[in-house]
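Sharing a structure here in structure tokens format.
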There are 2 protein chains.
Amino acid sequence: MAKRLETRNGGEDAPGRRHLLDAGMRLFAERGFAGVGLREIAAEAGVSLGLVRTHFGSKDGLRDAIDEYVLGEIKRLYATVLEHSGAGALTKAVEDALDWIPRDRVVLMYARMALMEKTPGSQALFDQLLAIMRQFIETNAKRGLLQPDVDREWAAIYLLFDFIGPAIIEPFAKPAFGKSMYSKPMISARNAFMVRAFTRGFLKG
Amino acid sequence: MAKRLETRNGGEDAPGRRHLLDAGMRLFAERGFAGVGLREIAAEAGVSLGLVRTHFGSKDGLRDAIDEYVLGEIKRLYATVLEHSGAGALTKAVEDALDWIPRDRVVLMYARMALMEKTPGSQALFDQLLAIMRQFIETNAKRGLLQPDVDREWAAIYLLFDFIGPAIIEPFAKPAFGKSMYSKPMISARNAFMVRAFTRGFLKG
DNA sequence: GCCCCGCATATACACTCGTATAGCACAATG
DNA sequence: CATTGTGCTATACGAGTGTATATGCGGGGC
């Protein structure tokens, strides 16, 4: 009789909980938080509606849990980038994406959608992404790889644009380009242009 | 007696219609299509619920009308950019934004949200934005302002990233930077960095 | 003067939403 | 063996959804 309210969360590895989190992440990524109902998520996860309440307390609780998971994954996935520096690190990061993006595509697309809907979780995600970019710029600066008199804050912001850009336009890529932003030919062409643009620009002064 | 179904749309300048379109645009931009109900939109517009059906036929019809309006505004707002070329044109475009963004902020924020929800209207918006960027690159190329051996397609894509980037992160800007992406200090700092990065890059080769 | 039609309102309907409650099977623990 | 608690299901409730229908008012053309 109501001895534990709110999220119980005792066992985080219950199969139903994991299925709900995965299904919610996928569906929210596709149609947004308000665009998907709990019944559809439960059906997709192969569990009953009531289980959402058991594990997450409410729909917002489910989102919070997904936000937390995705934030952790983003940190993990970009950790390797921060250990390197220079334009080579960027190409390496983009090429690494070829490995993990097929597997973690849902995480990436959820992060993309989260950036649209302003919530505490999405603000935290944004702050994390910006921190990653700032750290990359600082690492490069310490190693003397930054050109002199560069506005480091805006360099970080532009880096952020270029990293979230492909994710943002990914849903429109197939009609517009005939292939995914994360397909092999797109990745390599992007790599070539990125290195060039970051080190030399592309317009004449 | 049901002689005309669907959207009637005879008079596009009925005051109620305009109010509904404005209110829908603003609310959809803030919370997404599924996140807002017709009753709230009608209340915000100061008209009755049924008027949506009279003018737009359905909620989807309302979105279609908003999409069309926003697409036209985007075309109009970026028309001036296309007449110029070089890095100077970009700074001019960004500075022009200082004029029209306060006034057309809702249009911009709706376009931002539209890029999240994949619909025919949002695909058309994306195609339009990409076309604008491609045309800018081609204009620059014809005038000899492009560096040699530049991948023009990816130059256009990166230009697109840098133009939608500020809109995407605008909702997180105040907590993260203390000011809007479209405030005067941000615009001028961005201008300085953009010209530099586009003509010389910011990393050492 | 009548009629029709464009603009607008009010109200009802069927459905879906998130949430709440009651209960079941089963493993671990005393 | 009885008890406890966890993971889970089934079902009900009230509020809110988009859509449909019926109606009112006011101006221009026959």
Side-chain angles (χ1 to χ4, degrees), chain A residues 1-28 30-67 69 117 119 121, chain B residues 1-28 30-67 69 117 119 121:
Chain A
M1 72 238 308
K3 62 174 47 169
R4 35 99 177 115
L5 283 184
E6 307 302 320
T7 304
R8 170 152 31 108
N9 98 348
E12 287 217 355
D13 49 354
R17 190 191 138 96
R18 168 121 304 232
H19 290 149
L20 276 173
L21 204 142
D22 286 345
M25 184 167 54
R26 182 168 56 252
L27 291 172
F28 286 158
E30 283 172 9
R31 304 207 297 275
F33 181 72
V36 193
L38 291 181
R39 283 164 182 80
E40 187 181 358
I41 294 175
E44 186 83 0
V47 301
S48 77
L49 165 67
L51 199 59
V52 176
R53 176 162 239 266
T54 301
H55 284 300
F56 305 101
S58 68
K59 192 184 184 185
D60 280 286
L62 172 59
R63 166 161 63 183
D64 291 344
I66 297 175
D67 282 347
Y69 172 77
E117 307 176 344
T119 65
Chain B
M1 73 265 282
K3 63 173 49 169
R4 35 97 177 114
L5 284 185
E6 308 301 321
T7 305
R8 169 146 34 106
N9 99 347
E12 287 217 356
D13 49 352
R17 188 191 140 96
R18 170 120 301 230
H19 290 149
L20 277 172
L21 203 141
D22 285 346
M25 185 167 53
R26 180 167 59 253
L27 291 173
F28 286 158
E30 282 171 10
R31 304 208 297 276
F33 181 72
V36 193
L38 291 180
R39 282 165 183 80
E40 187 181 357
I41 294 175
E44 185 83 0
V47 300
S48 75
L49 165 67
L51 200 59
V52 176
R53 175 162 240 265
T54 301
H55 284 299
F56 306 101
S58 67
K59 192 183 184 185
D60 280 286
L62 173 59
R63 166 160 63 183
D64 291 344
I66 298 174
D67 282 347
Y69 173 77
E117 307 175 342
T119 64

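First the proteins, then the strands, lettered A, B, ... as listed; each starts at 1.
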When rounded to whole Å, the CD1 to C1' distance for the pair B:I41 and D:dT17 reads 12 Å
Atom-pair distance (NZ on A:K59; P on C:dT16), nearest Å: 15 Å
With a 4.0 Å cut-off on heavy atoms, is B:G37 in touch with a base, just the backbone sugar-phosphate, or nothing at all? sugar-phosphate
Donor-acceptor pair, distance only, cut-off 3.5 Å: does the side chain of B:E117 make one with the backbone of A:R31? no
Just call it for B:V52: base, sugar-phosphate, or nothing, with non-hydrogen atoms closer than 4.0 Å on any strand. nothing
Please report the distance, rounded to the nearest Å, between CZ in B:F56 and C1' in D:dT19. 16 Å
What is the distance from CG of B:L49 to P of D:dT17, rounded to the nearest Å? 10 Å
Separation of B:L62 CG from B:L38 CG (nearest 0.5 Å): 7.0 Å
How close or far is atom C1' of C:dC17 from atom CD of A:E40, stated in whole angstroms? 13 Å
Below 4.0 Å: OP1/OP2 of D:dT6 and any side-chain N or O of A:H55: no
Whole-Å distance, B:L27 CG to D:dG18 P, equals 12 Å
A:R39 CZ to D:dA12 C1', straight-line distance once rounded to whole Å: 11 Å
Charged tip of A:R63 within 45° of A:F56 ring normal and under 6.0 Å: no
Hey, does the Lys NZ or Arg CZ of A:R18 hover above the aromatic six-ring of A:Y69, less than 6.0 Å from the centre and inside 45° of the axis? yes
By the 4.0 Å heavy-atom rule, please label A:G50 as base, sugar-phosphate, or nothing. base
From CG of B:L51 over to C1' of C:dT11, roughly how many Å is that when rounded to an integer? 16 Å
Of the nucleotides C:dG18, C:dC7, D:dT19, which has the atom closest to the A:L38 side chain? C:dG18
